[in-house]
**Student:** 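Sharing a structure here in structure tokens format.
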Amino acid sequence: MKLLLIEDDQAYSLGIETFLHRQAFVEDVRTTADGERALELLAEAPVDVVILDIGLPGLGGMEVCRRIVSGFGLPVLILTSQDDVSWVGRLWEMGASGYLHKAVALDHLEVALRSLSQGASWWDTTATSALRERNQGLQQLKANVIALPPLTRREGDVLVCLADGLTNNEIAAHLGITSGTVRIYLQTIFQKLGVTNRTQAVLRYLGRSEEGVRV
């Protein structure tokens, strides 16, 4: 198996690289600490699986993940020290194939990589729970559309993404449209819902008032 490790923590990168070289199924490991350089390396010679830290400087791990999935069609295994599971849903939307917390990485890295190389996904228990809760929440959000003024199917899709916390660029990438088109949809949605901003639109969608929300 040929791997590309994208990790800006030099000590951690060395530890993971050393571990990987000891695995019989690993043929080659290339490493870089820079997202843009990673894309250049993939253009030169694709690999089987990309291991990506989302806490990268510069281009950022989230955008690097999106570009690798959309541009190269490669499975991406996220390695992170983040304890905020709100990242999980966004990475799922970006097309990541797996998610593994750094604290337990060495215990599960082999099985995760083997799973991704065979076309399956591998999400650790925390990430799996977060995805399950998120999907249940989205189903409830989608059900709320019937209580709103008539929206087109695409407007409803944009509103669901908005309620899920996606930015305009993330909505555009998820739906395969431009960020300019997203802005146009948002203006129409705001008008139909009788609101003036994103927060009010989401609250209207959730069937709640701003007075009932504590920030």
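What you see is a predicted model, and the numbers here were worked out from it, not measured in a lab. This chain uses plain numbering: 1 for the first residue, then up along the sequence.
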**Student:** For residues Arg114 and Phe25, report the shortest heavy-atom separation together with the two atoms involved.
**Tutor:**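 Residues Arg114 and Phe25, closest heavy atoms: NH2-CD2, 3.3 Å.
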**Student:** Would a single hydrophobic cluster contain both Leu100 and Leu74, if residues Ile, Leu, Val, Met, Phe, Trp and Tyr are joined by side-chain heavy-atom contacts under 4.5 Å?
**Tutor:**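 Looking at the clustering, Leu100 is in a separate group from Leu74.
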**Student:** Is there side-chain contact between Val47 and Leu41, with at least one heavy-atom pair below 4.5 Å?
**Tutor:**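 In short, these two side chains do not touch, never coming nearer than 4.5 Å.
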**Student:** Answer yes or no: are there more than 12 heavy-atom neighbours, outside Gln10 itself, under 6.0 Å from its atom CD?
**Tutor:** no
**Student:** Measure from the side-chain N and O atoms of Arg30 to the backbone N and O of Ala45, and report whether any donor-acceptor pair falls under 3.5 Å.
**Tutor:** yes
**Student:** Should Asp53 and Tyr12 count as side-chain neighbours, where that means a heavy-atom distance under 4.5 Å?
**Tutor:**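 Heavy-atom side-chain distance check fails, nothing below 4.5 Å.
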**Student:** Taking Glu63 for the side chain and Leu59 for the main chain, is one N or O donor matched with an acceptor at less than 3.5 Å?
**Tutor:** no
**Student:** So, the side chain of Asp48 versus the backbone of Lys2: is there a donor-acceptor pair under 3.5 Å, distance only?
**Tutor:**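 Checked: pair present.
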**Student:** Which residue is it: Ile78, Val64, Leu116, Ile6? I am looking for the one with a side-chain contact (heavy atoms from CB on, under 4.5 Å) to Val50.
**Tutor:** Ile6
**Student:** Is it the case that atom CD in Gln191 sees more than 12 heavy atoms from other parts of the structure closer than 6.0 Å?
**Tutor:**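 No, CD of Gln191 has 12 or fewer neighbouring heavy atoms, counting only those of other groups under 6.0 Å.
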**Student:** Do the side chain of Ser115 and the main chain of Val111 share a donor and acceptor less than 3.5 angstrom apart?
**Tutor:**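 Looks like yes, one N/O pair under 3.5 Å.
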**Student:** Determine, for Glu44 against Arg37, whether the closest basic-nitrogen to carboxylate-oxygen distance falls under 4.0 angstrom.
**Tutor:** yes
**Student:** Quick check against the 3.5 Å criterion: does Asp34 have a side-chain atom that pairs as donor or acceptor with the backbone of Glu36?
**Tutor:** yes
**Student:** Out of curiosity, Thr31 OG1 to Leu14 CG, how far, rounded to the nearest 0.5 Å?
**Tutor:** 9.0 Å
**Student:** A side-chain contact here means heavy atoms from C-beta on lying under 4.5 Å apart; do Phe190 and Arg198 qualify?
**Tutor:**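 Yes, at least one pair of side-chain atoms sits under 4.5 Å.
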